[in-house]
Amino acid sequence: MAKREGALPAQLVGGAAALVAGFVARKALTFAWTQATGKEPPTEPESLDVGLGEALGWAVVTGVGMEVARVLAVRAAHQKMLPPPEHGADNTV
């Protein structure tokens with residue numbers, strides 16, 4: 001598979017965007033969790049002092065939220081930096 005022109009800079013910017021998006025997403029998820037539950041999210045979900053439901057809930061919320069933010073950030077960076085694919089080009093992996 002041939003590399004697209006500008007792929008390396010797009011990957012670098014995408015990686016930086018993913019880090020920033022992860023930081024912002026974590027802050028937003030923490031705020032939303034606090035608003036929804038009335039208490040801070042567990043800092044150590046694996047601790048036996050934290051209820052299983054709360055630990056699993058926080059794990060699901062952060063896992064999905066962080067990955068969604070990362071995917072959106074990387075896709076946006078690639079969309080802005082990479083030229084559009086040529087018509088008829090095979091973009092399968």
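Leu29 and Trp58 make their closest contact through O-CZ3, 3.9 Å (heavy atoms, listed as atom of the first residue, atom of the second, distance). Contact record, Gly14 with Val74: O-CG2, 3.5 Å, taken as the closest heavy-atom pair. Shortest non-hydrogen contact noted between Lys39 and Thr37 is O-OG1, 3.0 Å. When every heavy atom of Glu54 is checked against every heavy atom of Pro42, the shortest pair comes out as OE2-CD, 3.8 Å. Closest approach of Ala17 to Ala73, counting heavy atoms only: O-CB, 3.6 Å.
Side-chain contact between Glu40 and Thr30 is present, with heavy atoms from C-beta onward closer than 4.5 Å. Counting heavy atoms from C-beta on, the side chains of Phe31 and Arg26 never come closer than 4.5 Å.
Heavy-atom contacts from other residues, nucleotides or ligands closer than 6.0 Å to CD of Gln79 number 12 or fewer. Heavy-atom contacts from other residues, nucleotides or ligands closer than 6.0 Å to CD of Glu44 number 12 or fewer.
Using a 4.5 Å cut-off between side-chain heavy atoms of Ile, Leu, Val, Met, Phe, Trp and Tyr, with links allowed through other members, Val20 and Val71 fall into different hydrophobic clusters.
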